[in-house]
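Within every chain, numbering begins at 1; the chains are lettered A, B, ... in the order of the sequence lines, protein sequences first and strands thereafter. All values derive from a computational prediction rather than experimental measurement.
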Amino acid sequence: MRFYKISDLFSMEDGSEVSIRGWIHRKFQVGKKIFIRVRDSSGVIQCVIEEGVVGKEKFNEFEGAKRESSVVVSGKLRTDERAPGGKEMYVSEGKVVGFADDFPIKGYEGVEFLLDNRHLWLRSTYLTNVMKVKHTALKLLREFHTQEGWWEVTPPIITSSAVEGGATLFKVDYFGEPAYLSQSAQFYLEVLIYSLEKVFALTPSFRAEKSRTRRHLSEYYHFEIEGAWMDMEELMKFTERTVEYVVQNLIDERQKELEDLGRDIESLKRVKAPFERITYTKAIEFLKQNGVNIEWGNDYGADEEAMLTKLFDRPFFVTHFPKTIKPFYMKVDENDERVVKGFDLLAPEGYGEIIGGSQREDSYDVLLKRIVEQGYDPKDYYWYLDLRKYGSVPHSGYGLGIERLVMWVAGLEHIRDAIPFPRFRERSKP
RNA sequence: GCCGGGGUAGCUCAGCGGGUAGAGCGCCGGGCUGUUAACCCGGUGGUCGGAGGUUCGAGCCCUCCCCCCGGCGCCA
């Protein structure tokens, strides 16, 4: 038997005999007539079952099938304005494959209940739409970098030390020795540019902070790139082209899902390179003019970042931060020793930082000095320092938070919905 | 880690001058030949987050603890 995708049925002729399989999304019974809305991965269609047509036994079988029961049904398609989407199937035969117990999610539950029942909530059209958007975003990132001559590589997740200090690491028992879950693949990518020149990786990253915001996860997908011979300017140009490519093609390929999610497509259409740029110094001036009590040299917080996002109606760069608030690997600007050649890319509409990048320090002596300056032990970074001793080159790279990108593009209120099984706070179930 | 809010029926919540618990929805049974979170009739429903304490008596007052939500910090 050939099974059709439900989404394909809506473009077929009335009278077509088709079979589908899926799950009962909604069900209504009126006397001797049962309406079931059958869902598969592509869509939902209403099916009408009448006792006079399928027989009493089959009718009773479907009568006993609750929401989320899995079914196979066959029948004729016909147009009916009373059906959602304007088409329905008039069932001639079918069977219940797996009967469902009473499904706990009815549609008015709170956050905690839904998170405890995430394994069931993932069947919702809302989360399904988000997952489809995410898939396409990942596909587009890979597609673009491959087209542009980049190599995908697979850095380790288990590491022996912090890439940068500060952020809390998850500790694991590695054959009796302490090891940590990676919070960035950057240093490993820096190794690989000496052979592949331009590399990217998609890996989970882990942060053990007990963050309490709608923008943080303990486990998230990190898209990182590193390019040999690239300076900060080249990297920023490449970054904005990447974001433009992903967003513009998403509008095209996932239009229906974005609309279902209630996303304002017009604001996404404005995501065209080049993006505006503002230096950290100018950002601080702006904040001061708007009554924020902040001094040059301090990092701005979430409230301040939100103020900045209102300056532009598309993503924009903040550049040249004081070196005191940025990690040692960022290259100090030769025109102004107080700042580094690093940038953040902030998404508009209050979404904030989605990418952080920089040109890397390529001088052995300067890097060593900065490691010591920031209180780290150079021995822990022996292999990272080594890279500067064997044909060092200018190079740059960035890290993009996949779930933050999805959250912004899909217009989500919370980052947890950009990942099927969110890990945050102490939550690790389901 | 800090600040704020909250944990009462399967779910969403009400109850608080202390007198030992209520609604809606769900669920179960019945009815209905066009439903869109269907509708109508009947039924079912609770260690009031945990442990101590005050009191004749605690969901309600006190102490400690646990869990959840939102904001900050940290960052992608």
Side-chain angles (χ1 to χ4, degrees), chain A residues 25-37 44-53 59 63-64 66-67 78 80-86 88 90 101-117 163-169 182-186 202-225 298-306 321 325-327 343-347 351-358 397-408 413-416 418-419 424-427 429:
Chain A
H25 187 237
R26 291 285 131 79
K27 183 185 161 191
F28 310 94
Q29 184 170 356
V30 185
K32 296 296 174 197
K33 202 173 255 188
I34 299 170
F35 298 90
I36 54 172
R37 308 258 171 86
V44 180
I45 190 167
Q46 173 161 289
C47 303
V48 188
I49 302 166
E50 287 188 34
E51 187 179 303
V53 176
F59 190 83
E63 195 171 30
K66 298 180 188 176
R67 275 182 54 196
R78 66 185 187 194
D80 193 313
E81 61 182 17
R82 294 169 294 188
E88 65 183 13
Y90 194 65
D101 284 356
D102 183 41
F103 201 66
I105 298 170
K106 316 287 183 192
Y108 45 72
E109 291 74 14
V111 175
E112 186 181 359
F113 184 83
L114 289 172
L115 284 172
D116 286 340
N117 289 284
V163 160
E164 43 186 298
T168 325
L169 294 154
S182 170
Q183 50 184 340
S184 170
Q186 181 195 322
L202 177 66
T203 52
S205 274
F206 303 87
R207 304 277 159 106
E209 289 104 344
K210 292 182 178 176
S211 295
R212 289 221 56 104
T213 80
R214 61 182 69 188
R215 312 181 46 235
H216 292 264
L217 290 166
S218 302
E219 178 186 70
Y220 65 98
Y221 277 76
H222 210 167
F223 185 85
E224 293 172 279
I225 75 168
N298 296 126
D299 211 347
Y300 52 79
D303 293 343
E304 291 77 39
E305 189 184 277
F321 297 91
I325 58 171
K326 289 293 178 186
F343 64 84
D344 284 349
L345 182 74
L346 307 195
Y351 281 97
E353 184 176 357
I354 54 173
I355 292 176
S358 67
Y398 72 65
L400 179 161
I402 292 292
E403 286 76 16
R404 286 199 179 167
L405 174 73
V406 171
M407 183 185 175
W408 162 52
E413 280 179 13
H414 200 117
I415 198 167
R416 64 182 163 229
I419 191 164
F424 64 110
R425 318 281 171 74
E426 291 84 18
R427 185 175 283 277
K429 281 188 283 191

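- The residue A:His222 sits close only to the backbone: its heavy atoms come under 4.0 Å of sugar-phosphate atoms, none of a base.
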Listed pairs, N/O of protein and of nucleotides 69-71 of chain B, under 3.5 Å:
residue, atom, partner, partner atom, Å
B:rC69, OP2, A:Arg425, NH1, 3.1
B:rG70, OP1, A:His414, ND1, 3.3
B:rG70, OP1, A:Arg416, NH1, 3.2
B:rG70, OP1, A:Arg416, NH2, 3.2
B:rG70, OP2, A:Arg425, NH2, 3.4
B:rG70, O3', A:Arg214, NH2, 3.2
B:rG70, N7, A:Arg212, NE, 3.4
B:rG70, N7, A:Arg212, NH2, 3.1
B:rG70, O6, A:Arg212, NE, 3.4
B:rG71, OP1, A:Arg214, NE, 2.3
B:rG71, OP1, A:Arg214, NH2, 2.6
B:rG71, N7, A:Arg212, O, 3.2

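- With a 6.0 Å radius and a threshold of 12 heavy atoms from other residues, nucleotides or ligands, A:Phe206 has its CZ atom above the threshold.
- Residue contacts shown for A:Leu217 include a base, since a base heavy atom lies under 4.0 Å away.
- A side-chain donor-acceptor contact under 3.5 Å links A:Arg207 to the backbone of A:Gln183.
- Rounded to whole Å, the separation between the C1' atoms of B:rU47 and B:rU20 comes to 14 Å.
- Under the ring-ring contact (aromatic ring centres under 6.0 Å, His included) criterion, A:Phe59 pairs with no residue, sequence neighbours left out.
- Between A:Phe321 atom CZ and B:rC75 atom P the separation is 11 Å, expressed in whole Å.
- Straight-line distance from the CD1 atom of A:Ile105 to the C1' atom of B:rC25: 16 Å, rounded to whole Å.
- Nucleic acid contact for A:Asp344: none, since no nucleic acid atom lies under 4.0 Å from a heavy atom of the residue.
- Taking the side chain to side chain donor-acceptor pair (under 3.5 Å) definition, one finds that A:Glu109 meets it with nothing, sequence neighbours left out.
- In this structure, A:Phe113 reaches the sugar-phosphate backbone alone: every heavy-atom distance under 4.0 Å involves primed, P, OP1 or OP2 atoms, never a base.
- Taking atom CG of A:Asp80 as the reference point, atom C1' of B:rU35 lies 11 Å away to the nearest angstrom.
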* Which letters describe nucleotides 36-50 of chain B, given B = protein heavy atom under 4.0 Å from base, S = only from sugar-phosphate, - = neither? -> B-B------------
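- Judged by centroid separation below 5.5 Å and plane tilt below 30°, A:Tyr220 stacks onto the base of B:rA76.
- Across all strands shown, A:Gly110 has heavy atoms under 4.0 Å from sugar-phosphate atoms exclusively, and none from any base.
- More than 12 non-hydrogen atoms from other residues, nucleotides or ligands lie less than 6.0 angstrom from NZ of A:Lys106.
- Phosphate contact (OP1/OP2 of B:rG34, side-chain N/O of A:Lys33, threshold under 4.0 Å): absent.
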* Give RNA chain B the dot-bracket treatment, 5' to 3': Watson-Crick (N1-N3 with N6-O4 or O6-N4) or G-U (N1-O2, O6-N3) under 3.5 Å, [ ] crossing, | other strand. => (((((((..((((.....[..))))((((((.......))))))....(((((..]....))))))))))))....
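- Both A:Glu304 and A:Lys32 sit near RNA chain B, but only A:Lys32 has its closest nucleotide nearer the 5' end.
- Among residues two or more places apart in sequence or in another chain, the side chain to side chain donor-acceptor pair (under 3.5 Å) test is passed with A:Gln46 by A:Arg37, A:Glu88.
- Between B:rA14 and B:rC25, the distance separating the two C1' atoms is 14 Å to the nearest Å.
- No hydrogens or angles were tested; on distance alone, nothing pairs the side chain of A:Arg207 with the base of B:rG73 as donor and acceptor under 3.5 Å.
- Counting non-hydrogen atoms under 4.0 angstrom, A:Lys326 reaches nothing in the nucleic acid.
- Atom CZ of A:Phe35 sits about 10.5 Å away from atom CD1 of A:Ile49, to the nearest 0.5 Å.
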